[in-house]
Amino acid sequence: QGAEKKDFKVAWSIYVGWMPWGYAADSGIVKKWADKYGITIEVKQFNDYVESINQYTAGAFDAVTLTNMDGLSIPAAGGVDTTAVIVGDFSNGNDAVILKGKDKLADIKGQTVNLVEFSVSHYLLARALESVKLAEKDVKVVNTSDADMASAYKTPDVTAVVTWKPIVSTILESPDARKVFDSSQIPGEIIDLMVANTTVLKDNPSFGKALVGIWYDTMKALASDAAAKEHMAKASGTDVAGFDEMLGTTKMFYEPKDALAFVNGAELKTTTERVSTFLFDKALLGKDAKSAGAIGVEFPDKSVFGDKANVKLRYDATFMQAAADGKL
Amino acid sequence: MRLLNIKPDRTWSFALAALPFAALIGAYLIGSGMRLAENPNDKLLPSFNAMLDAFRHMALTPDPRSGNYLMWSDTLSSLSLLLTALAISTFIALVFGILIGLLPIAGTTFGPVVAVASMVPPLALLPILFIVLGLGDGAKIALIVIGTTLKLIRDMALRVKDIPSELLIKAQTLGASTWQIALRVVLPQMLPRLIDSVRLEIGPAWLFLIAAEAIAADSGLGYRIFLVRRYLAMDVIIPYVIWITLLAFLMDLGLRLLQRKAFPWFAGARTA
Amino acid sequence: MRLLNIKPDRTWSFALAALPFAALIGAYLIGSGMRLAENPNDKLLPSFNAMLDAFRHMALTPDPRSGNYLMWSDTLSSLSLLLTALAISTFIALVFGILIGLLPIAGTTFGPVVAVASMVPPLALLPILFIVLGLGDGAKIALIVIGTTLKLIRDMALRVKDIPSELLIKAQTLGASTWQIALRVVLPQMLPRLIDSVRLEIGPAWLFLIAAEAIAADSGLGYRIFLVRRYLAMDVIIPYVIWITLLAFLMDLGLRLLQRKAFPWFAGARTA
Amino acid sequence: MTGIVFDKVWKEYGDHVVLERIDITIAPRSFVALVGPSGCGKTTFLRMLLGEEAPTRGQILVGGAPLKVEPGADRGVVFQRYSVFPHLTVLQNVMIGREFEHSRFLGKLLGAKRRAAETEARTLLDAVGLAGHETKYPAALSGGMQQRLALAQALNRKPKILLLDEPFGALDPGIRADIHVLIRKIWNENDLTVVMVTHDLSEAFRLGTRVIAFERPRNRPEELERYGATLGDDLAAQTQAGASITRDFEVWPKKIASPLGESDAGTQLDLKLATSNDNPAAS
Amino acid sequence: MTGIVFDKVWKEYGDHVVLERIDITIAPRSFVALVGPSGCGKTTFLRMLLGEEAPTRGQILVGGAPLKVEPGADRGVVFQRYSVFPHLTVLQNVMIGREFEHSRFLGKLLGAKRRAAETEARTLLDAVGLAGHETKYPAALSGGMQQRLALAQALNRKPKILLLDEPFGALDPGIRADIHVLIRKIWNENDLTVVMVTHDLSEAFRLGTRVIAFERPRNRPEELERYGATLGDDLAAQTQAGASITRDFEVWPKKIASPLGESDAGTQLDLKLATSNDNPAAS
Ligand SMILES: Nc1ncnc2c1ncn2[C@@H]1O[C@H](COP(=O)(O)OP(=O)(O)OP(=O)(O)O)[C@@H](O)[C@H]1O
Ligand SMILES: Nc1ncnc2c1ncn2[C@@H]1O[C@H](COP(=O)(O)OP(=O)(O)OP(=O)(O)O)[C@@H](O)[C@H]1O
Ligand SMILES: [Mg+2]
Ligand SMILES: [Mg+2]
């Protein structure tokens, strides 16, 4: 590392907020922007989200799509200095707590809750429990693979799940499924990002520019081109109606200025502190972490939450700013 | 007459063989019917009609996005990975199996490490594999190869050791060198036995293929199953599973035929 | 002297056997060293110290939350599932293997369905399995049983068919009924062979156990591996994998010893 | 009575006629030795007698009644190989027949019955010269010992007919002589009809009261090929392809009730059988 | 010259002494028949001659030089079983020796060389009576045919010493007589020292120029057990436990260069060998 390079690899996984990357790769938008900067960008689809982050953390990819929380707990905690280049959206109802046959969130007390441990679902559960003055010890958490969540719900043993779309939609088709809490009640806390390796980005700013360029071109297509939307819907294994339903609970930032407003807002700092605290409680900031601030997070205004000597996650608005200013 | 002396004739054989299949289908129909009666939108045990629809959709209607027939392009992509991987495993197993089985030096050197390595659960080491091998088709092939090749090697080595020592002595008295023995005595006798071993590895190979496609892929039978699993689209999954089973069965049958045709001496020598 | 006639003596054997292991460890050390030099926090190939730390943390320090030693409670939970499942498979395989191999009627009835079913990739049908068996330990055991038992049955049936027909005839001339033949001639001859077959299924059994624990669990070796995979804690995963390998190896060894001790006649009869 | 009648028996496998019009009556208490070149159908003949194979045409009568279509306890057998159970000790191998007989469900005797069966088995083992080897497994025995064990095992069930398929083919001459004495002894002292296949003509004449020779006809397809003949009339060639009896000797002098006393081993056995209490052959 | 000398050879497996002080000189061009009871060490003797096993003490000299410690092309062998390659046709089985000799790398001959080897092999097959079976696999041959094939295969490499371990033990008498003629013929017409293990004394005397008998001593542990003796002096029992040569006959009249012409088959073979062009044995 530390040198200029020409060939970049980007990993993305199947999730409503990241489906544009698949379309961008297939439709030639990626190539268009890569050519413009004289580089090549390989866009690789992952079905397994965690594996895509692991691969990025291990250095096999230069950029990856992930949530703010996973960015902190996996690459940043793994010592990989990571910069959020694009803030694409936040979950606004995509993630939900679902109870079988019970209408109130408080009924979750004492139940076994199936979810992907240490994922945003776990965080959502923590936030949900907080809202009804419960703690995680009031429930029993069983780690359950996201791929099998839908079928797991069909078994009598499972009475409470926390998961995300499209699994949420599938589960809600069951007549006994009740959504008792969702991410729209904690807006802006589960943020979907495109992050890149900070060193790579510093040495190759054109890579960041290309990413942003690709993204907002694709956003335009998604907003206006029915074929593009159909493509994304298909690729995520559903139809346009299903995809629209998911988009409805996703706060997409179609314009750079919307994303800028969000990333420059004060809310982001509170969220970061909350997430860091959650991760610290779960010992996910590394074994040596002494406090929730063990890993420093830098914001666009260069202010830092936590350890300034150990900044590993950075929200960088300059690329989105360039897009907003038409300077790509 | 003792039960073990009763041999059903052709018609009876056929009827008896069909029985369990009929029972399975019947059980499915009843289960599916019950669930659908309760909730007509139930996705878990779809009706045969629903599966037929899904099959038609996947196999007989071109995908508007790519113009491909999805099921066929999935099949093509999976099969090419699978067959490449099996070919590689087979080759490696043949070489190392003969080395380990025939040469005491190679046996003591590689025997233990192969025995230990074949116990490692490859799925747990996926991250390392993917880093080392990248994520392309190469990694998927490698996973299948790693998952199947060690057992194949052990199998081959055992079968090489099963060759009566008389034959190896005889070859030496005919002036054969180690290399000539490997090439003209051991190798040709191993080929049909290799087919038996490979047949046993078809199942694991599919397993690893599906696991690999579940992690990173954009086509393939395992990928499709994984993709639609989030929607609990059993109407797609079940036909795909049946199709995979059929493919595996046909591969097995093909290998059996190959064995019979290519090694006419083997059937006689095996029973002797 | 021909290469195939050179037999290394004890010291040489030991040195040769150690060679590949040393090479593997060396390769790991170099790879790990290189990655750590670049990024001291690298998680993919942790140093031996880091792994030792993690091992100490998992195996020798009680978990503050539950007070358990995590590695031991994981091991206990996994092993009890695995052994229960293997016991069930073994029993089923023995019964059906003997039925299918010994009785032509049972063979024609169940042979084809077992052959086809053993080709079905069990992981793809998990959802249906869940419905029938729920999500608890039962389902995990069932997955392992389904994953291993069909192959075991086929294996057993083949080995029953391998019994020289002379022995079955002889038993009949001694007045044995089908039941007596199954009980006193076939069963005892199958037991040591069953051990061979079960040894081959230890690997797949672990695989299915890990897969099952990845689906829904709150303890177990596979659970832990998949959990910590979320933050690429290879320093935990690698000791766990080594531990699983060791367990599998010990099980294999135990079965081999059992075979030797419990069936003293077998070694002689096999070579005959 | 245990006379055996082959009534115009044919045996064919598909197109291949193995045995052709076998028409023979075997008197009770005979010791028939069956000789003939390899592949002529001797084993096939024996397998039909066993009930393992059914004749394609004709029928087999035993004691006047049609042969049971499956092997049974009235016909004992010793094959050249695989005649004893590898997983049972010598003693267990002999006892198992009795266990099958008296324990329908478990196939295993306990208590007094077991002790009785064991004594009986030990006597038999003593008679065949295997005393002292009771706890060994067959794999630890030599070929000759295995065959003696197989004989003891078969005899323990007291069959009316004893079928032997080259039982001594793999033994060395000294042991073979011993065992010849043994088999004659056994035949003499039990109400037994013996049919033995052998390759060895001298063995056949030494032991048999009657020697039957099968001949493989020259015009079998492979032979034809070899001798370069053309097949000519297909049907004729086919119907003539089976082996049939070509020679049938009565051996004189009649051997019944004249034990071979000349050899040492013979007298030794004699003594052993005579001193045993519950061996019915000795009473 | 291919004289063989066993110079005070002992063979032990762990504590078990199998052969004890074998001291014997075998003249070139002998036909030695080795007899003895089962388990006395005949096969072990042959395996040491082959170079498959090394003596525990003493040494073996062939043609004056110590024996090569591994099997080689100078010593041919025919075992009772597994003597031919099941995956090769009859013709290929015979040719393979020549292929090993002339094609170091591929082990396969092509073109003219192949045709020459094929002609040579066909002549040999003709001599052993397997003409017409060239394209069959061994599994399709009878036991006698397989052994004849094994002989042809071994002879094709023109060994100086031919080792036979009960090669005809499983054959029926007619076929055995034929093959006796054949082996005598082969021995007569080639510069060959033959060492044959057999169970059959008459075979030994018919074929051998010299018959050597091994004896299994009575005081082997299992025998001791059987005869109820106590072991007494352990060491003495142990050192005496090996078989050694007990009798050694020269067979008269000397048989060299006197082919057995009496039997039909013999003359037939004679003719075949005489009319073939490139069989060196016939020239
Ligand atoms: N199940 C079978 N199917 C087809 N052909 C068979 C079968 N069993 C035997 N034969 C054929 O029947 C013929 C006689 O075989 P059989 O075993 O009775 O000969 P045999 O006289 O016992 O020979 P040997 O002395 O070698 O034991 C052979 O040509 C054999 O190939
Ligand atoms: N590799 C071995 N390890 C230990 N003991 C052996 C080995 N090979 C042979 N023996 C023993 O040496 C003795 C002689 O065996 P060998 O095979 O030479 O006898 P044999 O005379 O050929 O008998 P047979 O006539 O049965 O073929 C036997 O007691 C046998 O158990
Ligand atoms: Mg026979
Ligand atoms: Mg021997």
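Proteins come first, then strands; the chains are lettered A, B, ... in the order of their sequence lines, and each starts at number 1.
- Contact annotation for A/Val158: only side-chain heavy atoms (C-beta onward) come within less than 4.5 Å of a heavy atom of chain C.
- Only the backbone of A/Val141 comes within less than 4.5 Å of a heavy atom in chain C; its side chain stays farther off.
- When the heavy atoms of residues 195-203 of chain C are compared with those of chain A, none of the residues falls under 4.5 Å.
- Heavy-atom pairs under 4.5 Å with chain A were tallied for C/Val228, C/Asp218, C/Ile215; the largest tally goes to C/Ile215.
- A 6.0 Å sphere centred on CZ of C/Phe21 holds more than 12 heavy atoms belonging to other residues, nucleotides or ligands.
- For the 3.5 Å distance criterion, the side chains of C/Thr75 and C/Trp243 qualify, holding a donor opposite an acceptor.
- Side-chain rings of A/Tyr15 and A/Tyr49 stay apart, their centers remaining 6.0 Å or farther from each other.
- With a 4.5 Å cut-off on non-hydrogen atoms, A/Asp48 touches chain C through its side chain but not through its backbone.
- Salt bridge annotation for A/Asp203-A/Lys5: absent, with no cationic side-chain nitrogen under 4.0 angstrom from a carboxylate oxygen.
- Residues A/Phe46 and A/Tyr56 place their aromatic rings such that the two centres sit no closer than 6.0 Å.
- If you measure heavy-atom distances from A/Asp70 to chain C, the contacts under 4.5 Å come from the side chain alone.
- For A/Asn143, the parts sitting under 4.5 Å from any heavy atom of chain C are the backbone and the side chain alike.
- Looking at C/Arg35 and C/Glu38, no side-chain N of the basic residue comes within less than 4.0 Å of a carboxylate O on the acidic one, giving no salt bridge.
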>> side-chain contact (heavy atoms from CB on, under 4.5 Å), that's the test. Do A/Val162 and A/His122 meet it? Break it down for me.
In response: CA-CA 7 Å; A/Val162 186; A/His122 208 161; over 6 Å; no
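- Taking the six-membered ring where tryptophan is involved, the planes of A/Phe207 and A/Phe8 are essentially parallel, since the angle between them stays under 30° and well short of 60°.
- In this structure, C/Phe48 and C/Ile25 have side chains that are in contact, with non-hydrogen atoms separated by less than 4.5 Å.
- Of all the listed residues (A/Lys140, A/Glu117, A/Lys137), the one sharing the greatest number of non-hydrogen pairs under 4.5 Å with chain C is A/Glu117.
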